[in-house]
Amino acid sequence: MRIAFFTDSFYPELGGIQDSILLTARALGERGHTVVLYAPSASPRDFRLAGLPVKEVDLGERVQVRRLFSVPVPSSTGQSRLLLPTGRRWRGLASWEPDVLHTHTFLGAGWEALTAARHLRVPLVGTNHWAIGEFSMYAPFAARQFARYSVKAATGYYNRCTLVTGPSRSVVDEMLASGLGRPAHVVSNPIDTELFRPGEPDERQALKRHLGFSDSTILYAGRLAVEKNIDVLVRALATVVRELPDAMLALAGHGTARPRLERLAAECGVGHRLKFLGTLDKPALARAYRAADVFAIASTSETQSMVLLQAMSSGLPAVGARWRALPEYIADDAGLLAEPGDAGQFAAHLLSLLREPSMRARMGERAAARARRFGLTETVDAWERIYAAVHAARAIEQHNEQGAFG
């Protein structure tokens, strides 16, 4: 099939949406499909922030990346860009005759995809990766109003698509409650279960020495952003180290919240137990997971969390916030849930896991087993079924239209 992706979130910006798009596009190309990916232009600074060489990502012979004019927008990564829709780019797609369009955003690229789908009369699959209401702290007006109207606006966009997906049940249910009237399915983001795998004991100890991890290391990976609530983990660390002096919190990623976290750690007396790993490429991140003991995530903005699934696939039990999508993935036998913002409860759960190696090992094994169903093969199988179904339905529709006017 010929598939066109549209996204405002893409390489070199780092994040779960970007990872999902890269993995899926490459895998579709390897299966013989042709993919053209429309993404925002990127500046040399965007690559430098990610620690990447200034060159286009290689997704294989059957996947093309076409960069479109975009403008930088404020964000926690300092890399975000917004594609400016023109309403004319569908002409470039017309000669290629795509079978399906797939938009991963409801912003600029999403509206470009809508225009193309309408002119080309091609089915449009829309995926909502964002819990947009949880980003109200960035809004220029009242948070509650922003949360309500932004969800309504996003749902209004997806009602223009042929079929809608979300990476978790919580995303789909929120849109349904806001008036989504299109067919909707849950399709997980994919993870590389071969790269993110549990480590052997000897390897784990060697990696601990190499990374400077203690035998009680808590790991968080992702953007260092306000909505990720990493301050909750820092406050929890202050309690944990009173019981386990060798405990440490390692943070992998970059973002605008880092100076605030450094100040908070100093105020809590745990600056020496907080380790910033910076931005890691995927192999380095996989090694960090294998060297850690517990994964922690206090975020209240997750529609799934790729880093959580990567950590689970690496054999780490998780302590996460009981909010949005996280309870869908942190099962009782694979981790523990704490109330959002409750540093004391996070600390208690972290201490339980760090103090009990047998419990930690048991939950880690279950976490790895559960994560296997989010592997790349399973996810791309699901996309192939969806693309084939919407393409076939549109072909039947067009055939019936021709018959009616014939």
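Values below: all heavy atoms of this structure, side chains included; hydrogens, waters and symmetry mates excluded. These numbers come from a predicted model, not from an experiment.
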Query raised in the report: Going by an N to O cut-off under 4.0 Å, is there a salt bridge joining Glu262 and Arg258?
Result: yes
Requested in this report: Apply salt bridge (Lys or Arg N to Asp or Glu O under 4.0 Å) to the pair Arg235 and Asp342, showing each step before the final yes or no.
Outcome: CA-CA 9 Å; Arg235 295 181 193 280; Asp342 191 335; over 6 Å; no
Query raised in the report: Does any N or O in the side chain of His349 come within less than 3.5 Å of the main-chain N or O of Leu337, such that one atom is a donor and the other an acceptor?
Result: yes
Requested in this report: Check whether any side-chain heavy atom of Thr300 lies under 4.5 Å from a side-chain heavy atom of Pro340, and answer yes or no.
Outcome: yes
Query - Pairs meeting criterion ring-ring contact (aromatic ring centres under 6.0 Å, His included) with involvement of residues 16-50, two or more places apart - result: Phe6-Tyr38, Tyr11-Phe47
Query raised in the report: Is there side-chain contact between Leu277 and Leu280, with at least one heavy-atom pair below 4.5 Å?
Result: yes
Query raised in the report: Do you know the tightest heavy-atom contact between Leu274 and Ala265?
Result: CD2-CB, 3.6 Å
Query raised in the report: Going by heavy atoms in the side chains, are Asp381 and Glu384 under 4.5 Å from each other?
Result: yes
Requested in this report: Report the C-alpha separation of Val71 and Phe69 in whole Å, then their side-chain angles, then the decisive distance to 0.1 Å, and conclude whether the side chain to side chain contact (heavy atoms under 4.5 Å, CB included) test is met.
Outcome: CA-CA 7 Å; Val71 294; Phe69 179 74; 4.1 Å; yes
Report task. State the CG-CG distance between Leu249 and Leu350, to the nearest 0.5 angstrom. Result -> 9.0 Å
Query - Test item: Tyr289 side-chain N/O and Val307 main-chain N/O as donor-acceptor pair under 3.5 Å - result: yes
Query raised in the report: Would you say the side-chain atoms of Asp8 pair up with the backbone N or O of Thr105, donor to acceptor, closer than 3.5 Å?
Result: no
Query raised in the report: Among Gln304, Gln18, His104, whose side chain to side chain donor-acceptor pair (under 3.5 Å) with His129 holds?
Result: His104
Report summary line: What one should report as the nearest heavy-atom pair of Ser20 and Asn189 is OG-OD1, 2.8 Å
Report task. Could you tell me whether a side-chain N or O of Asn128 sits under 3.5 Å from a main-chain N or O of Val172, the two making a donor and an acceptor? Result -> no
Query - Asp281 side chain to Ala284 backbone, donor-acceptor under 3.5 Å - result: yes
**Report entry** Minimal non-hydrogen separation, Leu353 against Arg360, with atom names
**Finding:** O-NH1, 2.9 Å
Query raised in the report: Under 4.0 Å between a Lys/Arg side-chain N and an Asp/Glu carboxylate O for Arg370 and Asp333?
Result: yes
Report task. Apply the test side chain to side chain contact (heavy atoms under 4.5 Å, CB included) to residues Thr127 and Tyr158: give CA-CA distance (whole Å), side-chain angles for both, the deciding distance (0.1 Å), then the verdict. Result -> CA-CA 8 Å; Thr127 295; Tyr158 286 107; 5.7 Å; no
Query raised in the report: Taking side chain as C-beta onward, heavy atoms only, is Leu180 less than 4.5 Å from Val164?
Result: yes
Query raised in the report: Going through the checks in order, is the side-chain hydrogen bond (donor to acceptor under 3.5 Å, both in side chains) test met by Ser75 and Thr77?
Result: CA-CA 5 Å; Ser75 73; Thr77 65; 3.1 Å; yes
Query raised in the report: By ring-ring contact (aromatic ring centres under 6.0 Å, His included), which residues pair with Phe346, not counting sequence neighbours?
Result: none
Query raised in the report: Roughly how far apart are Met306 CE and Phe196 CZ, rounded to 0.5 Å?
Result: 8.0 Å
Query - Pair Trp111 and Phe106, ring centroids less than 6.0 Å apart - result: no
Report task. Give a yes or no answer on whether the side chain of Ser299 reaches the backbone of Ser301 with a donor-acceptor pair at less than 3.5 Å. Result -> yes
Query raised in the report: Does Arg67 come within less than 4.0 Å of Glu56, counting only side-chain N to carboxylate O?
Result: yes
Query raised in the report: Do Arg290 and Glu203 sit within salt-bridge range, that is, some charged N less than 4.0 Å from a carboxylate O?
Result: yes
**Report entry** Considering all heavy atoms, the nearest Arg26-Asp58 contact
**Finding:** NH2-O, 3.2 Å
Query raised in the report: When you check the gap from the basic side-chain N to the acidic O, do Asp246 and Arg273 get nearer than 4.0 Å?
Result: no
Query raised in the report: How long is the span from the OG atom in Ser170 to the CH2 atom in Trp323, to the nearest 0.5 Å?
Result: 11.0 Å
Report summary line: Nearest heavy-atom contact between Pro12 and Ala42 is CD-CB, 3.6 Å
Query raised in the report: Is a side-chain N or O of Ser314 found less than 3.5 angstrom from the main chain of Gln310, in a donor-acceptor match?
Result: yes
Report task. Could you tell me whether Arg169 and Glu328 have a side-chain N and a carboxylate O separated by less than 4.0 Å? Result -> no
Query - Side-chain touch Leu354/Val294, heavy atoms, less than 4.5 angstrom - result: yes
Report task. May I ask you to decide if Leu376's main-chain N or O and Thr379's side chain share a donor-acceptor pair within less than 3.5 Å? Result -> no
Query raised in the report: Considering only heavy atoms from C-beta outward, does the side chain of Thr193 approach that of Met312 to under 4.5 Å?
Result: no
Report summary line: Here the gap from Arg372 atom CZ to Glu378 atom CD, rounded to the nearest 0.5 Å, amounts to 10.0 Å
**Report entry** Electrostatic pair Lys228-Glu302, nearest N-O below 4.0 angstrom
**Finding:** yes
**Report entry** Worked check of side chain to side chain contact (heavy atoms under 4.5 Å, CB included) between Ile297 and Ser305
**Finding:** CA-CA 9 Å; Ile297 179 167; Ser305 180; 3.5 Å; yes
Requested in this report: Report yes if some heavy atom in the side chain of Glu174 is under 4.5 Å from a heavy atom in the side chain of Val151; otherwise report no.
Outcome: yes
Requested in this report: Check the pair Leu68, Ser41 against side chain to side chain contact (heavy atoms under 4.5 Å, CB included), reporting the backbone distance first and the verdict last.
Outcome: CA-CA 5 Å; Leu68 304 179; Ser41 56; over 6 Å; no
Query raised in the report: Is it true that atom CZ of Arg45 has more than 12 heavy atoms of other residues, nucleotides or ligands lying nearer than 6.0 Å?
Result: no
Report summary line: Tightest non-hydrogen contact, residues Leu326 and Leu308, listed as CD2-CD2, 3.9 Å
Query raised in the report: Out of curiosity, Glu200 CD to Asp202 CG, how far, rounded to the nearest 0.5 Å?
Result: 8.0 Å
Requested in this report: Go through the structure and list residues passing side-chain hydrogen bond (donor to acceptor under 3.5 Å, both in side chains) with Glu339, not counting sequence neighbours.
Outcome: Arg322
Query raised in the report: Counting only heavy atoms not in His210, do more than 12 sit closer than 6.0 Å to its NE2 atom?
Result: no
Requested in this report: Any chance you could lay out the side-chain hydrogen bond (donor to acceptor under 3.5 Å, both in side chains) test for Thr34 and Arg2, step after step, and finish with the verdict?
Outcome: CA-CA 5 Å; Thr34 303; Arg2 296 181 297 277; over 6 Å; no
Requested in this report: Consider only side-chain N and O atoms of Thr165 and His185, and report whether a donor and an acceptor are under 3.5 Å apart.
Outcome: no
**Report entry** Short side-chain to backbone donor-acceptor contact, Asp99 and Met1, under 3.5 Å
**Finding:** no
Requested in this report: Inspect the contact between Arg81 and Asp46 and indicate whether a charged nitrogen and a carboxylate oxygen are less than 4.0 angstrom apart.
Outcome: yes
Requested in this report: State plainly whether the residues Lys208 and Asp293 are in salt-bridge range, i.e. N to O under 4.0 Å.
Outcome: yes
Query raised in the report: Any donor-acceptor pair under 3.5 Å linking the side chain of Ser313 with the backbone of Leu309?
Result: no
Query raised in the report: Between NZ of Lys275 and CG of Leu219, what distance do you get to the nearest 0.5 Å?
Result: 12.0 Å
Query raised in the report: Is the closest basic N to carboxylate O distance between Glu227 and Arg223 below 4.0 Å?
Result: yes
